[in-house]
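Worksheet: one structure, shown below.
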Number of protein chains: 2
Amino acid sequence: MRSDYARTLGETGVRQVLFGILSVISVNPGVSQGSVARALGIQRPNMVALVNELVGRGLVARHVDATDRRAFALNLTEMGAAAVGEALARIRVHEERILRDLTADERRLLIRLLDRIGANDD
Amino acid sequence: MRSDYARTLGETGVRQVLFGILSVISVNPGVSQGSVARALGIQRPNMVALVNELVGRGLVARHVDATDRRAFALNLTEMGAAAVGEALARIRVHEERILRDLTADERRLLIRLLDRIGANDD
DNA sequence: TATTGTTATACTCTATAACTATA
DNA sequence: TATAGTTATAGAGTATAACAATA
């Protein structure tokens, strides 16, 4: 399932890590690089190249934070927002393909059962 | 869930890959290195170090195959069989912990729903 | 003194090409 | 000629230590 997910995004050139970063920025505009790293469990040293890649591809804008001149505030560019939109659309297609044999009720039931497992994943 | 699984096995020193290899050998005694690699999606060059590690730790015995002198026939040693047994016991504990809130009926239902997804993971 | 981003670095995992010995 | 195991190697992904600038 994860490899299908990766293939789904792979065609866009936006890998899973990059999509994760874009998503966090999308929901938290102006978030700092370190906060994104913490949110996703990425080591800060490894964030540098990832953010560089996103900036280099014109998907993310990086500005010195006004209130803390050590930090970079990250925002999506127009292209970045469009990339997130396309990735989400592809993910929806992927999910629909994966779940095509389940009724709406069965999908809800499956999610409820998985939630009750997740609560014990400690 | 996968990280919990890895932690469960991690304490034994038998990583997930190694457990996979031991399992295949356990069910197919005398199987060749290449067959195990194909079964698990491991590149044959990468199998070499893995099998070396298992042989070095006394878990696997490697003999030239009688009918094809190019191939190695792999078998579990007594220690290897014991390691598989302990790993399986730990996996059962892990699964019981993960599934502790589900009744037997709910577990069967969950597995049936997941099976119907797996059929579409193409 | 602590934190942000960074560099340098190392270790694991994985992937490919090319060799050898057998078939 | 094809296949089994091997070597060398390269590329991701991920981890830690140490530094400069700022808090």
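Convention: sequence-line order gives letters A, B, ...; per-chain numbering from 1.
At distances below 3.5 Å, at least one donor-acceptor pair connects side-chain atoms of Asp65(A) with backbone N or O atoms of Asp68(A). Here the side chain of Ser32(A) pairs no donor or acceptor atom with the backbone of Ala71(A) at under 3.5 angstrom.
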Assess the residue pair Glu53(B) and Arg57(B) against the criterion (salt bridge (Lys or Arg N to Asp or Glu O under 4.0 Å)); give the C-alpha distance rounded to whole Å, side-chain angles, the decisive distance to 0.1 Å, and a yes or no.
CA-CA 6 Å; Glu53(B) 183 179 350; Arg57(B) 286 169 60 179; 3.4 Å; yes
How would nucleotides 5-11 of chain D be written as a contact map, 5' to 3', with B for base contact, S for sugar-phosphate-only contact and - for no contact, using protein heavy atoms under 4.0 Å?
SBBB---
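Atom C1' of nucleotide dA10(C) and atom CD of Gln43(A) are separated by 14 Å, given to the nearest angstrom. The separation between Asp68(B) atom CG and dA2(D) atom P is 17 Å, rounded to whole Å. Rounded to an integer number of Å, the gap from CZ of Arg15(B) to C1' of dT14(C) is 13 Å. Rounded to whole angstrom, the span from the CD1 atom of Ile42(A) across to the C1' atom of dG5(C) amounts to 15 Å. One can place CD of Gln16(A) at 13 Å from C1' of dG13(D), the figure rounded to the nearest angstrom.
Both Leu50(A) and Thr67(A) lie near DNA chain D, and the one whose nearest nucleotide falls closer to the 5' end is Leu50(A).
Counting heavy atoms from C-beta outward, Phe72(B) and Val51(B) have side chains that stay 4.5 Å or more apart. Counting heavy atoms from C-beta outward, Gln33(A) and Arg62(A) have side chains that approach closer than 4.5 Å.
Shortest non-hydrogen contact noted between Arg44(A) and Gly34(A) is CD-CA, 3.6 Å.
Remark: Arg69(A) is in phosphate contact with dA23(D), judged by side-chain N or O atoms under 4.0 Å from OP1 or OP2.
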